[in-house]
Amino acid sequence: MSTINGTGTHVRIGLDAPPRVASLGVGVHGTVSPRDVFRLPDLWQLHLYRYEAELTVDGVPHTIRPGQVSLVPPGALVRFHYRGRSEHLFAHLELPSAGELLTVPLMQDAGTQTPVLTDLMQRAVAAAPRNSARAAAELWAVLWRVADLATPADGAAGPHPAVALAVAHIESHLAAQLTVPEVAHAAGVSHNHLIRLFRAETGTTVVAYIRHRRMERARHLLRESTLSIPAIAAAVGIGDLQAFNKACRRELGASPRAVRARVGGI
């Protein structure tokens with residue numbers, strides 16, 4: 001899907017499947033002429049910039065600075081005005097034509113994500129000659145990160161950074177003895193502030209979220225693995241079997257053995 005909004009500042013992209021990569025590499029411009037004017041009729045253009053310049057897409061001007069990333073849709077007329085030798089990482093690609101569409105700024109600042117995006121794109125460039133599937137996978141990760149840079153176009157704010165950090169810490173430490181003060185420390189806020197933020201963002205408490213995620217993981221391991229019940233209890237941070245049994249009955253509606261026995265059932 002190749003759509004661009006009426007102001008020329010945002011595009012709509014589908015990322016439900018990996019892109020098809022037509023070409024990627026390091027583009028070197030501004031050495032022969034300070035200007036380039038062209039279209040790619042059927043391909044998206046992803047650029048990660050290392051220089052300052054001006055870009056116009058279908059008549060809409062954009063200022064290029066190091067660390068910015070652009071995503072230009074197929075068929076758009078692009079005009080570059082360079083200020084000397086200019087290098088950028090680029091990918092020319094096709095995106096899925098079906099599935100959910102995400103609204104993403106045509107040009108945005110990658111900020112602290114610049115080193116990560118650079119590394120992923122360089123990995124894609126290195127993989128392309130010998131493994132096109134690997135290159136597409138690396139580029140797919142880049143595109144998701146580019147999409148995540150943006151605030152949704154409907155004006156809805158994304159998760160509060162502290163809540164996002166708290167959730168990431170919880171998900172990475174379900175086997176540990178998590179406490180709310182510890183999670184708050186990982187999120188960089190006070191205990192009480194995290195409780196307020198978490199309730200506002202998720203509608204539940206930090207403790208309830210931890211309990212729910214532990215039981216979801218326990219359910220998965222009971223049904224999909226042959227791990228012993230004691231090993232599963234330990235894997236979700238509940239070392240006491242009696243406590244694990246009570247937690248399963250409370251959260252999953254059955255004992256661990258009964259949950260495991262439901263495999264293949266409803």
Side-chain angles (χ1 to χ4, degrees), residues 1-111 113-114 116-118 120-122 124-125 136 138-155:
M1 183 69 67
S2 57
T3 60
I4 188 167
N5 74 354
T7 63
T9 59
H10 288 74
V11 295
R12 299 268 285 164
I13 62 172
L15 295 178
D16 286 356
R20 185 191 73 81
V21 181
S23 179
L24 49 77
V26 178
V28 180
H29 301 272
T31 57
V32 175
S33 169
R35 300 180 186 272
D36 282 333
V37 181
F38 64 94
R39 298 179 194 267
L40 294 186
D42 303 311
L43 297 172
W44 287 84
Q45 304 175 52
L46 173 67
H47 290 167
L48 181 58
Y49 298 101
R50 302 172 175 174
Y51 55 84
E52 295 185 357
E54 286 75 45
L55 168 65
T56 302
V57 180
D58 283 343
V60 178
H62 302 271
T63 300
I64 296 172
R65 296 186 181 87
Q68 288 190 297
V69 59
S70 67
L71 193 54
V72 176
L77 179 65
V78 297
R79 300 175 183 271
F80 282 93
H81 184 193
Y82 308 106
R83 302 178 185 177
R85 180 185 173 89
S86 303
E87 293 188 8
H88 57 236
L89 287 159
F90 77 89
H92 298 164
L93 56 135
E94 291 180 3
L95 290 173
S97 59
E100 180 185 3
L101 294 182
L102 306 174
T103 300
V104 179
L106 187 150
M107 176 76 76
Q108 54 186 325
D109 187 352
Q113 287 293 303
T114 300
V116 177
L117 295 179
T118 299
L120 286 170
M121 288 196 71
Q122 288 175 335
V125 170
E138 300 284 9
L139 199 58
W140 198 14
V142 170
L143 290 165
W144 275 111
R145 286 181 176 270
V146 169
D148 284 344
L149 292 173
T151 298
D154 60 8

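For this chain, numbers begin at 1 and follow the sequence in order.
Here the CD-OH distance, from Glu87 to Tyr51, works out to 10.0 Å after rounding to the nearest 0.5 Å. Going from atom CG of Leu55 over to atom OH of Tyr82 covers 8.5 Å, rounded to the nearest 0.5 Å. In this structure, Thr114 OG1 and Asp109 CG are separated by 6.0 Å, a value rounded to the nearest 0.5 Å. Atoms CG and CZ, on Leu46 and Phe90 in that order, are 10.5 Å from each other to the nearest 0.5 Å. Rounding to the nearest 0.5 angstrom, the gap separating the CG atom in Asp42 from the CG atom in Leu93 is 12.5 Å.
Between His92 and Gln45 the shortest side-chain heavy-atom distance falls below 4.5 Å. Side-chain contact between Gln113 and Val142: absent, with no pair of heavy atoms (C-beta onward) separated by less than 4.5 Å. With contacts defined as side-chain heavy-atom distances shorter than 4.5 Å, the pair Leu89/Arg50 qualifies. Side-chain contact between Val69 and Leu48 is present, with heavy atoms from C-beta onward closer than 4.5 Å. Using a 4.5 Å heavy-atom threshold, the side chains of Pro73 and Trp44 count as touching. Contact check for Met107 versus Ile64: side-chain heavy atoms found under the 4.5 Å cut-off. Taking the side chain as every heavy atom from C-beta outward, His62 and Val57 approach each other to under 4.5 Å. The closest side-chain heavy-atom distance from Leu143 to Leu71 is below 4.5 Å.
Residues Leu24 and Ala124 share a closest heavy-atom pair of CD1-O, 3.6 Å. Listed here is the closest heavy atom pair of Ala136 and Val21: CA-CG2, 3.9 Å. Here the closest non-hydrogen pair linking Leu139 and Ala91 is CD2-CB, 3.6 Å. Nearest heavy-atom pair, Leu117 versus Ala110, reported as atom, atom and distance to 0.1 Å: CD1-CB, 3.7 Å. When all heavy atoms of Gly14 and Pro96 are compared, the closest pair comes out as O-CD, 3.1 Å. In terms of heavy-atom proximity, Pro74 sits nearest to Pro41 at CB-O, 3.5 Å.
Side-chain atoms of Arg85 never come within 3.5 Å of backbone atoms of Thr31 as a donor-acceptor pair (strictly under, hydrogens ignored). Listed for the Gln108 side chain is a donor-acceptor partner under 3.5 Å among the backbone atoms of Val146. Trp140 contributes a side-chain N or O that, together with a main-chain N or O of Leu15, makes up a donor-acceptor pair within less than 3.5 Å.
For the pairing with Glu52, the side-chain hydrogen bond (donor to acceptor under 3.5 Å, both in side chains) check across Arg83, Arg65, Gln68 returns one residue only, Arg83.
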Run the side-chain contact (heavy atoms from CB on, under 4.5 Å) check on Asp36 and Phe38 step by step: do they pass? CA-CA 7 Å; Asp36 282 333; Phe38 64 94; 4.2 Å; yes
Derivation and outcome, side-chain contact (heavy atoms from CB on, under 4.5 Å), residues His88 and Val26: CA-CA 6 Å; His88 57 236; Val26 178; over 6 Å; no
Decide yes or no on side-chain contact (heavy atoms from CB on, under 4.5 Å) for Ser86 and Tyr49, but give the supporting numbers first. CA-CA 9 Å; Ser86 303; Tyr49 298 101; over 6 Å; no
Check the pair His47 / Phe80 against ring pair (Phe, Tyr, Trp, His ring centres under 6.0 Å), numbers first and verdict last. CA-CA 12 Å; His47 290 167; Phe80 282 93; 5.7 Å; yes
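Under a 4.0 Å N-O distance rule, the pair Arg79/Glu54 does not qualify as a salt bridge.
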